[in-house]
Number of protein chains: 2
Amino acid sequence: MPEVKKDLRIQRTRKLIMDSFIDLSGKKEFRDITVKDITTEAMINRATFYYHFDDIYDLLEKALSEVLMVNLEGAQFESSTLDEGTFIKLFTAITDFQLSLSRRCHRGYEETIARIIREQLEVVLYGMLIKDHEELPELKTVAVMLSWALYGASVDWKNNYADQSPEAYIERVIPYLISSVNIS
Amino acid sequence: MPEVKKDLRIQRTRKLIMDSFIDLSGKKEFRDITVKDITTEAMINRATFYYHFDDIYDLLEKALSEVLMVNLEGAQFESSTLDEGTFIKLFTAITDFQLSLSRRCHRGYEETIARIIREQLEVVLYGMLIKDHEELPELKTVAVMLSWALYGASVDWKNNYADQSPEAYIERVIPYLISSVNIS
DNA sequence: GCAAATGTGTTGGATAAACAACATAATCCA
DNA sequence: TGGATTATGTTGTTTATCCAACACATTTGC
């Protein structure tokens with residue numbers, strides 16, 4: 001579904017850049033990482049960086065999207081519908097992702113990260129919803145709302161319930177969530 | 001001294017190939033490694049492999065040379081003359097290298113490996129000899145003989161003295177070696 | 001405060017590397 | 001054995017990447 005660029009050089013170069021960036025993120029804060037650092041580490045020319053990304057924020061965005069997408073694909077959302085089990089898996093994928101981020105200091109970019117997570121969630125959720133129903137504009141909105149809900153829950157879990165497991169946190173709520181939606 | 005190719009693409013591609021080859025060598029025997037394996041792992045086109053290397057044996061040769069050269073540079077031969085200390089360091093560099101090889105199964109290529117080690121040694125030894133003397137054809141021959149001597153000693157150590165340290169093995173002999181050379 | 005140094009983003013021309021296609025050689029396995 | 005599959009090298013064309021140079025912003029340190 002993401003338009004796959006096939007030229008091996010493009011795949012390889014993007015991988016080198018992303019890997020270098022993730023590697024550097026483990027060593028210093030985002031605001032201390034320069035394009036020069038990344039291209040030196042990746043052994044590519046700086047001009048080549050700009051061939052693939054608008055700037056370092058564009059890279060941040062795409063790198064995070066990709067990492068999150070890998071997490072989500074681990075939940076095999078593509079082959080499943082939106083039942084309780086996949087709902088829990090989605091939630092833990094988000095919390096896992098946020099945990100891995102918190103170890104790599106992206107302070108000051110919470111807004112960006114939040115948007116990335118929500119946007120990806122939205123795509124995944126919509127993909128699942130149209131398996132049970134048909135393609136409707138209303139389902140787009142449902143996906144938007146559920147993505148905000150899941151993201152908000154992950155923030156709440158991190159701030160107030162980090163002592164219990166993400167699974168426990170979300171399982172606890174699901175029955176009430178379903179009934180409250182059914183009522184309306 | 002090795003003609004340094006400056007284009008970043010060349011450096012990067014060679015590194016990718018060499019790293020992939022060394023990586024694969026840790027997983028399977030040399031005779032089971034195909035060019036396809038290497039290029040797939042390195043994410044480069046097979047034709048590009050042949051742009052840099054004649055064939056897989058050429059790669060074996062250059063990869064081994066490079067690894068050995070790194071070992072030898074660790075001994076800082078460039079800044080030193082041929083005294084007892086550097087002699088011992090050279091010897092341990094060789095035995096270290098052979099040990100690392102024995103963990104990666106290059107069975108059937110002992111001849112190639114032996115030649116690579118001797119040729120590299122010869123270059124390094126000659127570089128040291130002309131610091132104490134001047135550039136003479138005779139010193140080339142001395143370098144040849146010493147390189148054979150050191151290599152032969154490393155084989156003997158591996159076969160018959162592996163229970164003692166390389167340092168002990170070679171230190172033990174150096175006094176006799178020097179006097180026997182002085183006599184003649 | 002102001003140089004000097006370092007980083008950003010862009011360009012045009014040169015070149016390494018991808019791709020696709022081919023012929024041939026080695027390997028597999030029924 | 002023999003046919004199928006897989007690996008080896010090679011080639012012409014296309015394209016991604018390099019390089020060098022540029023103008024401009026940001027940071028650094030005296």
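Remember, it's a predicted structure, so these values are computed and weren't measured experimentally. Each chain gets a letter, A, B and so on, in the order its sequence line appears, and its residues count up from 1.
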- prompt: Has the side chain of A/T13 got a donor or acceptor atom that lies under 3.5 Å from a matching backbone atom of A/I10?
  reply: no
- prompt: What residue pairs, at least two apart or across chains, pass salt bridge (charged side-chain N to carboxylate O under 4.0 Å, His left out) with a residue in residues 135-151 of chain B?
  reply: none
query: Just how far, in rounded Å, is P of C/dA17 from CD of B/Q11?
result: 11 Å
message: In the structure I gave you, are the side-chain heavy atoms of A/L60 and A/I56 within less than 4.5 Å of one another anywhere?
response: no
Please list each protein N or O that sits under 3.5 Å from an N or O in nucleotides 14-16 of chain C, with the distance.
{"from": "C/dT15", "atom 1": "O2", "to": "B/R9", "atom 2": "NH1", "distance (Å)": "2.7"}
{"from": "C/dT15", "atom 1": "O2", "to": "B/R9", "atom 2": "NH2", "distance (Å)": "3.4"}
{"from": "C/dA16", "atom 1": "OP2", "to": "B/Y51", "atom 2": "OH", "distance (Å)": "3.0"}
{"from": "C/dA16", "atom 1": "O5'", "to": "B/Y51", "atom 2": "OH", "distance (Å)": "3.3"}
{"from": "C/dA16", "atom 1": "O4'", "to": "B/R9", "atom 2": "NE", "distance (Å)": "3.3"}
{"from": "C/dA16", "atom 1": "O4'", "to": "B/R9", "atom 2": "NH1", "distance (Å)": "3.4"}
{"from": "C/dA16", "atom 1": "O4'", "to": "B/R9", "atom 2": "NH2", "distance (Å)": "3.4"}

query: Given atom CD1 of A/I38 and atom P of C/dG7, what is their separation to the nearest angstrom?
result: 12 Å
- prompt: Looking only at atom types and distance, does a side-chain atom of B/D58 sit under 3.5 Å from a main-chain N or O of B/D55, one as donor and one as acceptor?
  reply: no
query: Are any side-chain N or O atoms of A/T92 and backbone N or O atoms of A/K89, one a donor and one an acceptor, separated by less than 3.5 Å?
result: yes
message: Looking at A/T34, is its backbone amide N or carbonyl O close enough to the side chain of A/D37 to form a donor-acceptor pair, meaning the two atoms are under 3.5 Å apart?
response: yes
Contact list (N/O, under 3.5 angstrom) for nucleotides 8-10 of chain D vs protein:
{"from": "D/dT8", "atom 1": "OP1", "to": "B/V35", "atom 2": "N", "distance (Å)": "3.3"}
{"from": "D/dT8", "atom 1": "OP2", "to": "B/V35", "atom 2": "N", "distance (Å)": "3.3"}
{"from": "D/dG9", "atom 1": "OP2", "to": "B/Y50", "atom 2": "OH", "distance (Å)": "3.4"}
{"from": "D/dG9", "atom 1": "N7", "to": "B/R46", "atom 2": "NH1", "distance (Å)": "3.0"}
{"from": "D/dG9", "atom 1": "O6", "to": "B/R46", "atom 2": "NH2", "distance (Å)": "3.2"}

query: Does any non-hydrogen side-chain atom of B/K158 lie less than 4.5 Å from one of B/T95?
result: no
- prompt: In whole angstrom, what separates B/D32's CG from D/dT6's P?
  reply: 17 Å
message: What is the separation between atom CZ on A/R31 and atom P on C/dG7, rounded to the nearest whole Å?
response: 17 Å
field: OP1 or OP2 of D/dT17 under 4.0 Å from side-chain N/O of A/N45
entry: no
- request: Can you label the angle between the B/W157 ring and the B/F91 ring as parallel, tilted or perpendicular, going by 30° and 60°?
  value: perpendicular
